[in-house]
Student: 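Take a look at the following structure, please.
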Amino acid sequence: MTSLRRTAGFWASALLLATWGCGGTTILEHDGSAETWPDDSASSGGHGGGPNACSAGEARCNGRFRRETCAEDGAWIETDFVCARTVAVDDDIGSYCVTKADGAYRCWGSSASSDAVDAPPLPDEIYRRVQLTRYGLIGLTEDGRLRAAEFTIPESPSQVVAFRQTNMWGDVGVCSLQSDGAFEMFLYNPREPDGPSTRTQSVEGGPFSRVYCAWEGMYAAVRADGTVLSNFATAPPGDGFAELALSIGIFCGLRTDGTISCHRPPADRAGNLDVGPDLPAFPSGRYRSITATVGVVCAIDEQDALVCKRYDGRDMPVPPARYVFAEGGYDLVCAVRADGSTACFRHGGAGNLDLEDVSDFAPVEPPLDPGW
């Protein structure tokens, strides 16, 4: 496998969920150096977490984001394995990236101009999250700045804490949440007569705690008071919302009490996907996060199980494991397991927007290499 080695970052936050893309086959690999690490050297407190006692064979990530395994005597033993912190799924072209805690990252797929292995590199920075988009690599640096490999993103007045690139009204849209709760879109148009240009569009109505963009100009956001702003479908009434999941045929909300509700956007704004009379209904219990593809909604519950439902409510099983983070896009869901490894699953039938053809998940091809 061809690889390009550069420095990347150690921490990631992905709060912008979106949905559109297609499959990719080539791989870009960046091996980051541990220039910045969390100071917490305790044996617990990573996203695996849990009490000190354990059962032989268990694995988790500690506060230094190294994998620990449980020995026969019930003690946790730190290994050299560096845990993944995030996965990034591109909703426009279907590429996917994994970023690890020491800054190493890999991307599978291709941009409009090149395969992943040939993608121009990002500027030399330490990155929290990297996404391979139609117009190349975009990364969020450790100090909260957005950088693109193939076009210029204007500097934000405040630190950026999360971003997602997608197709917004035909332009390359980089949607960002800033530390002061502002929601900004950077719209790049490579077809301008006077040359490519990037303009900034602010979304009013904040401050926001979560912001989301989906294919062709759909966006929604959770305000700091837990109410919802949406430009493409009627917002769920009331407050108490923590996260949203949206796509061209679905709009779901996760409340702070851990419950999930879904409804269908109007067809004149959300495309022609036929989702039928039913909606996803998740088993009773509390859920911690939610995301969506073009035909499936997935949520992580309190037991760290990843539960997925087709838009019409049909179960869409994924291999059992403890999952701590998941992101969906088009026909793809990628997730980080509690032991710091990652997995991606792709369902069929998304290309023609016919829900009956949305088939069961299968591991991605090419598969993620061991350790990623």
Student: With a 4.5 Å heavy-atom cut-off, do V228 and L244 have their side chains touching?
Tutor: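 In contact.
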
Student: Is there a side-chain contact between V297 and I250, using heavy atoms and a 4.5 Å cut-off?
Tutor: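 In short, these two side chains touch, coming nearer than 4.5 Å.
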
Student: Taking all non-hydrogen atoms of both residues into account, name the closest pair between T291 and G328 and its distance.
Tutor: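 Heavy atoms of T291 and G328 come nearest at OG1-N, 2.8 Å.
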
Student: Please name all residues satisfying side chain to side chain contact (heavy atoms under 4.5 Å, CB included) with D180, sequence neighbours left out, ordered by chain then number.
Tutor: S158, Q178, A182

Student: Does the R67 side chain pair with the main chain of D339, one donor and one acceptor, at a distance under 3.5 Å?
Tutor: yes

Student: Can you find a heavy atom in the side chain of F361 that is under 4.5 Å from one in the side chain of P317?
Tutor: no

Student: Hey, is the main chain of A214 close enough, under 3.5 Å, to the side chain of T166 for a donor-acceptor pair?
Tutor: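 Checked: no pair found.
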
Student: Let me see the working for R286 and E302 under salt bridge (Lys or Arg N to Asp or Glu O under 4.0 Å), right down to the final yes or no.
Tutor: CA-CA 6 Å; R286 292 175 56 88; E302 283 190 312; 3.2 Å; yes

Student: Distance check, rounded to the nearest 0.5 Å: S230 atom OG versus Y212 atom OH?
Tutor: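 So the OG of S230 and the OH of Y212 are separated by 12.5 Å.
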
Student: Determine the minimum heavy-atom distance between F345 and A343, stating which atoms define it.
Tutor: CZ-CB, 3.6 Å

Student: Would you say the side-chain atoms of Q159 pair up with the backbone N or O of D143, donor to acceptor, closer than 3.5 Å?
Tutor: yes

Student: Can L332 and V364 be said to form a side-chain contact (heavy atoms from CB on, under 4.5 Å), step by step?
Tutor: CA-CA 8 Å; L332 184 69; V364 295; 3.3 Å; yes

Student: Is it possible for you to say whether V82 and I77 belong to one hydrophobic cluster, with membership spreading through side-chain heavy-atom contacts below 4.5 Å?
Tutor: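 In one cluster: no.
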
Student: Just by modelled atom types, is the G109 backbone N or O under 3.5 Å from a matching donor or acceptor in the Y96 side chain?
Tutor: no

Student: Could you pull out the closest heavy-atom pair between D225 and T227, with the gap in Å?
Tutor: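 For D225 and T227, the tightest heavy-atom pair comes out as OD1-OG1, 2.6 Å.
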
Student: Start with the C-alpha gap between R314 and D360, add the side-chain angles, then the distance that decides, and say whether salt bridge (Lys or Arg N to Asp or Glu O under 4.0 Å) holds.
Tutor: CA-CA 10 Å; R314 200 195 91 180; D360 290 341; 2.3 Å; yes

Student: What's the shortest heavy-atom distance between D304 and I300, and which atoms?
Tutor: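 Looking at all heavy atoms of both residues, the closest pair is CA-CG2, 3.9 Å.
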
Student: Both conditions, 6.0 Å and 45 degrees, for the charged tip of K100 above the ring of F81: are they met here?
Tutor: yes

Student: To the nearest 0.5 Å, how far apart are SG in C70 and CH2 in W76?
Tutor: 5.5 Å

Student: Check whether NZ of the Lys or CZ of the Arg R129 lies under 6.0 Å from the centre of the six-membered ring of F163 and within 45 degrees of that ring's axis.
Tutor: yes

Student: Apply side-chain contact (heavy atoms from CB on, under 4.5 Å) to F183 and C213, showing your working.
Tutor: CA-CA 11 Å; F183 179 4; C213 287; 3.8 Å; yes

Student: D171: what forms a side chain to side chain contact (heavy atoms under 4.5 Å, CB included) with it, not counting sequence neighbours?
Tutor: L187, N189, R191, R199

Student: Atom CG in L306, atom SG in C298: separation rounded to 0.5 Å?
Tutor: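 Those atoms lie 5.0 Å apart.
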
Student: If we only count heavy atoms from C-beta on, is the T133 to D92 side-chain gap below 4.5 Å?
Tutor: no

Student: Please determine if E243 and R288 form a salt bridge, counting it only when a charged side-chain N lies under 4.0 Å from a carboxylate O.
Tutor: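 No.
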
Student: So does L132 get a backbone contact from the side chain of S95, meaning a donor-acceptor N/O pair under 3.5 Å?
Tutor: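 Answer holds: yes.
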
Student: Looking only at heavy atoms, what is the nearest atom pair of R134 and Q165, with distance?
Tutor: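 Where R134 meets Q165 most closely, the heavy atoms are N-OE1, 4.4 Å.
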
Student: Can R223 be said to sit on top of F208's aromatic six-ring, NZ or CZ under 6.0 Å from centre and within 45° of the ring axis?
Tutor: no

Student: Tell me, do M185 and M168 make a side-chain contact under 4.5 Å, heavy atoms counted?
Tutor: yes

Student: Would you call E142-R128 a salt bridge at under 4.0 Å N-O?
Tutor: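 No, no charged N to carboxylate O under 4.0 Å.
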
Student: Please check if the side chain of S209 supplies one atom and the backbone of A224 the other of a donor-acceptor pair under 3.5 Å.
Tutor: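 Answer holds: no.
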
Student: Would you compute the distance between atom OG1 of T293 and atom NE2 of H347 and round it to the nearest 0.5 angstrom?
Tutor: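 That separation rounds to 3.0 Å.
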
Student: Is there a side-chain contact (heavy atoms from CB on, under 4.5 Å) between V307 and M316? Walk through the geometry before answering.
Tutor: CA-CA 8 Å; V307 181; M316 293 285 288; over 6 Å; no

Student: Could you check whether atom CD of E72 has more than 12 heavy atoms from other residues, nucleotides or ligands sitting under 6.0 Å from it?
Tutor: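 Incorrect, the count does not exceed 12.
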
Student: Is it true that Y287 and F282 have ring centroids separated by less than 6.0 Å?
Tutor: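 Centroid distance Y287-F282: below 6.0 Å, so yes.
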
Student: I'd like to know if the side chain of N231 reaches the main chain of G217, judged simply by a donor and an acceptor atom lying under 3.5 Å from each other, with no hydrogens or angles considered.
Tutor: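 Here the side-chain-to-backbone pair exists.
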
Student: Find out whether V174 and I153 are in side-chain contact, i.e. whether some heavy atom of one side chain is under 4.5 Å from a heavy atom of the other.
Tutor: yes

Student: Is the side chain of K309 donor-acceptor paired with the backbone N or O of D315 at a distance under 3.5 Å, no angle test?
Tutor: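 The answer is no, because no donor-acceptor pair under 3.5 Å joins these two groups.
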
Student: Kindly say whether V294 contributes a backbone atom to a donor-acceptor pair with the side chain of Y311 at under 3.5 angstrom?
Tutor: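 Yes, the answer is positive, given that a donor and an acceptor are paired below the 3.5 Å cut-off.
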
Student: Measure the spacing between CG of L246 and CD1 of I290 and express it to the nearest 0.5 Å.
Tutor: 10.0 Å

Student: Just how far is it from atom CD1 of I138 to atom CG of L122, taken to the nearest 0.5 Å?
Tutor: 8.5 Å

Student: Does D312 pair with R310 as a salt bridge, N-O distance under 4.0 Å?
Tutor: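 Yes, this pair counts.
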
Student: How far apart are the closest heavy atoms of P123 and Y127, and which atoms are they?
Tutor: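 What the structure gives for the nearest pair is O-OH, 2.8 Å.
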
Student: Please assess F325 against R85 for the test side-chain contact (heavy atoms from CB on, under 4.5 Å), listing each intermediate value before the final yes or no.
Tutor: CA-CA 9 Å; F325 177 79; R85 290 302 307 266; over 6 Å; no

Student: Looking at side-chain heavy atoms only, is the closest gap between F186 and P154 below 4.5 Å?
Tutor: yes

Student: So, R60 side chain and A338 main chain: donor-acceptor pair closer than 3.5 Å or not?
Tutor: no

Student: I want to check something: taking the side chain as every heavy atom from C-beta on, are V333 and C344 in contact at a cut-off of under 4.5 Å?
Tutor: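 Heavy-atom side-chain distance check fails, nothing below 4.5 Å.
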
